[in-house]
Student: 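Provided herewith is a single structure, encoded as structure tokens, for subsequent inquiry.
None of these values were measured; they are calculated from a predicted model.
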Amino acid sequence: MLQISNIIIIHDSELEISAIRSQGAGGQNVNKVSTAIHLRFDIEGSSLPAFYKEQLLKLNDRRITQEGVIVIKAQEYRSQEQNREEALKRLQELIKSVVVLKKKRKPTKPTRSSQKKRLDSKTKRGQIKSIRRQAID
């Protein structure tokens, strides 16, 4: 069972967790033991509220397939249990990130003095270059 908030809980039956072999270097342990975890979570077929489903499907995240399935692969740790916990944590963070409303950016203008400083520095730089040019000619 994965607790998202006080009200929202994802049951284990909605998660498809399989153990696979890790990629990369690691010697005999990698070749023999399936420690990596491959977690799949179907957004449409889940018991999440409609708002969560809608927002998750809107996300532009490479972990969400076109069919609306979240695929998370955890292979950071050497033990299967730690990788399972890591995959569940990542899923939890992804779902929680949908609820957090981002502040709308207020467009600002640069101050008059900062604009003046910028133009003055450009003028000064141009004068330096023109002096160099005269010295060469």
Student: Could you tell me the separation between the CD1 atom of I37 and the CG atom of L88, rounded to the nearest 0.5 Å?
Tutor: 8.5 Å
Student: Could I get the full list of side-chain contact (heavy atoms from CB on, under 4.5 Å) partners for E85, not counting sequence neighbours?
Tutor: E81
Student: If you look only at pairs with a residue in residues 37-62, which of them pass as a salt bridge (charged side-chain N to carboxylate O under 4.0 Å, His left out), with sequence neighbours excluded?
Tutor: D61-R63
Student: side-chain contact (heavy atoms from CB on, under 4.5 Å) with K104: which residues, sequence neighbours excluded?
Tutor: none
Student: Considering only heavy atoms from C-beta outward, does the side chain of L94 approach that of L56 to under 4.5 Å?
Tutor: yes
Student: The test is side chain to side chain contact (heavy atoms under 4.5 Å, CB included); show your working for F41 and L48 and say whether it passes.
Tutor: CA-CA 11 Å; F41 176 70; L48 287 174; 3.8 Å; yes
Student: For E14, which residues count as a side-chain hydrogen bond (donor to acceptor under 3.5 Å, both in side chains) partner, sequence neighbours excluded?
Tutor: S47
Student: Determine the minimum heavy-atom distance between A19 and S34, stating which atoms define it.
Tutor: CB-O, 3.8 Å
Student: Does the side chain of S18 reach to within under 4.5 Å of the side chain of E16, using non-hydrogen atoms?
Tutor: no
Student: Got a second to check how far S46's OG is from I95's CD1, nearest 0.5 Å?
Tutor: 7.5 Å
Student: So, using side-chain hydrogen bond (donor to acceptor under 3.5 Å, both in side chains) as the criterion, who are the partners of K116 when residues are at least two apart?
Tutor: D120
Student: Quick one: list whatever passes side-chain hydrogen bond (donor to acceptor under 3.5 Å, both in side chains) with S79, sequence neighbours left out.
Tutor: Q82
Student: Would you say V71 ends up clustered with I10 if hydrophobic residues are merged whenever their side chains have heavy atoms under 4.5 Å apart, either directly or through other cluster members?
Tutor: no
Student: List in chain and number order the residues that pass side-chain contact (heavy atoms from CB on, under 4.5 Å) with A36, two or more places apart in sequence or in another chain; answer none if no residue qualifies.
Tutor: I20, S22, Q75
Student: Name all residues meeting the side-chain contact (heavy atoms from CB on, under 4.5 Å) criterion together with E76; count only those two or more places apart in sequence or in a different chain, and write none if there are none.
Tutor: N83, E86, R90
Student: Examine L91 and Y77 and state if one hydrophobic cluster contains both, with Ile, Leu, Val, Met, Phe, Trp and Tyr joined whenever side-chain heavy atoms are less than 4.5 Å apart.
Tutor: no
Student: Identify the two heavy atoms, one from V98 and one from Y52, that lie closest to each other, and give their separation to 0.1 Å.
Tutor: CG1-O, 4.3 Å
Student: Between atom CD1 of I72 and atom CD1 of I64, what is the distance when rounded to the nearest 0.5 Å?
Tutor: 9.0 Å
Student: Is it the case that more than 12 heavy atoms not belonging to L119 sit under 6.0 Å from its CG atom?
Tutor: yes
Student: Does S114 have any side-chain hydrogen bond (donor to acceptor under 3.5 Å, both in side chains) partners at least two apart in sequence or in another chain, and if so, which?
Tutor: T111
Student: Working note: R125 + K129, criterion side chain to side chain contact (heavy atoms under 4.5 Å, CB included); need CA distance, chi angles, decisive distance, verdict.
Tutor: CA-CA 6 Å; R125 186 76 185 147; K129 288 187 172 191; 4.1 Å; yes
